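See structure below.
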Number of protein chains: 2
Amino acid sequence: MHNKELLKGTLTAIVLKLLADKGEMYGYELAQKVKEMSGQKILLKDGSLYPALHKLSKEGWLEFREEHIGKRVRKYYSLTATGIAQEKIESENLKEFMRTLKDLLFPDFTFKLA
Amino acid sequence: MHNKELLKGTLTAIVLKLLADKGEMYGYELAQKVKEMSGQKILLKDGSLYPALHKLSKEGWLEFREEHIGKRVRKYYSLTATGIAQEKIESENLKEFMRTLKDLLFPDFTFKLA
DNA sequence: TTCAATACATCATAATTCTATGTATTGTTA
DNA sequence: TAACAATACATAGAATTATGATGTATTGAA
């Protein structure tokens, strides 16, 4: 991102949402998916993503299983029950924030969030 | 805001945009306006706003004149020429970010930013 | 065989807003 | 008229969070 600060507070919502949609994903896959879906605009760094995944796991929102691909290890993360609830909260929160920001700064634009 | 972190990186854009619209405003007025326009959701604190105004002035984007209301002092801030240019950059930046986030997380919603 | 990509990880740093604290004036209301 | 809320500015330290730098190791392509 151009302005790195804008991303702050959104990473949790992004991870939870993608996992809610995909069921389970591993770290590297998540970073690639975000990159692809954002048109190469959001480039999650290792130094951001892995600590975030650990933190969300510690919160009890994620769990993971390890898969061994040859000699390489993948950690597939998925939402726990608490995580599913949290995903809804975070998504609604972010939507609300975007609505508010839109009203404040871009009132003339169409911006419908159900 | 519920999630304070979400606001990060948006404060500069907010201040520049309001000044672009209003011509000139003083600090306290800015905070009130943001509060009102956001439906009491974004509550800028003194500790955020005044340092931000100083920083933006130092960047050369704002200038101010002092007005004495009785014994009280008000600093009316306005955009410099550089500030006017910067406002456009910051606004477009934020719009672009919101578009990206929308594509990533809420692709089903209508979200038109010209 | 060299390099890019895959796949994980941690630590120190930077950036930004908030909390806490401070000073002082003005308007309201009990 | 006394107390309190609102107005109006300010700064220093704390908290949060993503990044940069760095590290290890495997796999596939040129």
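Heavy-atom basis, side chains included; hydrogens, waters and symmetry copies ignored. Labels below follow one simple rule: chain letters A, B, ... track the order of the sequence lines, proteins then strands, and each chain is numbered from 1. In this text, all values refer to a predicted model and were calculated from it rather than measured experimentally.
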Discussion item. Between R72(B) and dT7(D), is there a contact of a side-chain N or O with OP1 or OP2 at under 4.0 Å?
Written reply: no
Item to complete: Report which part of the nucleic acid L11(A) touches: base, sugar-phosphate, or nothing (heavy-atom distance under 4.0 Å, all strands).
Response: sugar-phosphate
Worksheet item: Please give, in whole Å, the distance from dA7(C) C1' to K75(A) NZ?
Response: 11 Å
Discussion item. Salt bridge check, K75(B) against E67(B): does any charged N sit closer than 4.0 Å to a carboxylate O?
Written reply: no
Discussion item. Using whole Å, what does the distance between atom C1' of nucleotide dT17(D) and atom NZ of K55(A) come to?
Written reply: 8 Å
Discussion item. Heavy atoms only, 4.0 Å cut-off, all strands: where does K71(B) land among base, sugar-phosphate and nothing?
Written reply: sugar-phosphate
Worksheet item: Heavy atoms under 4.0 Å, any strand shown: does G27(A) hit a base, just sugar-phosphate, or nothing?
Response: sugar-phosphate
Fill in: Under the side-chain hydrogen bond (donor to acceptor under 3.5 Å, both in side chains) test, residues paired with S91(B) that sit two or more places apart
E87(B)
Worksheet item: Counting side-chain heavy atoms from C-beta on, which of dC8(C), dA8(D), dT10(C) comes nearest to P51(A)?
Response: dT10(C)
Response to the item:
R74(B) CZ to dA6(D) P, in whole Å, measures 17 Å
Practice prompt. Assess whether one donor atom and one acceptor atom, taken from the side chain of K45(B) and the base of dT19(C), lie less than 3.5 Å apart.
Written response: no
Fill in: Nucleotide dT11(D), atom P - distance to NZ of K58(B) in whole Å
11 Å
Fill in: Min side-chain heavy-atom separation L53(A)-L30(A) under 4.5 Å
yes
Discussion item. By the salt bridge (Lys or Arg N to Asp or Glu O under 4.0 Å) test, which pairs, at least two apart or in different chains, include something from residues 51-60 of chain A?
Written reply: none
Worksheet item: Within this structure, what is the CG-to-P distance between D46(A) and dG23(D), rounded to whole angstrom?
Response: 15 Å
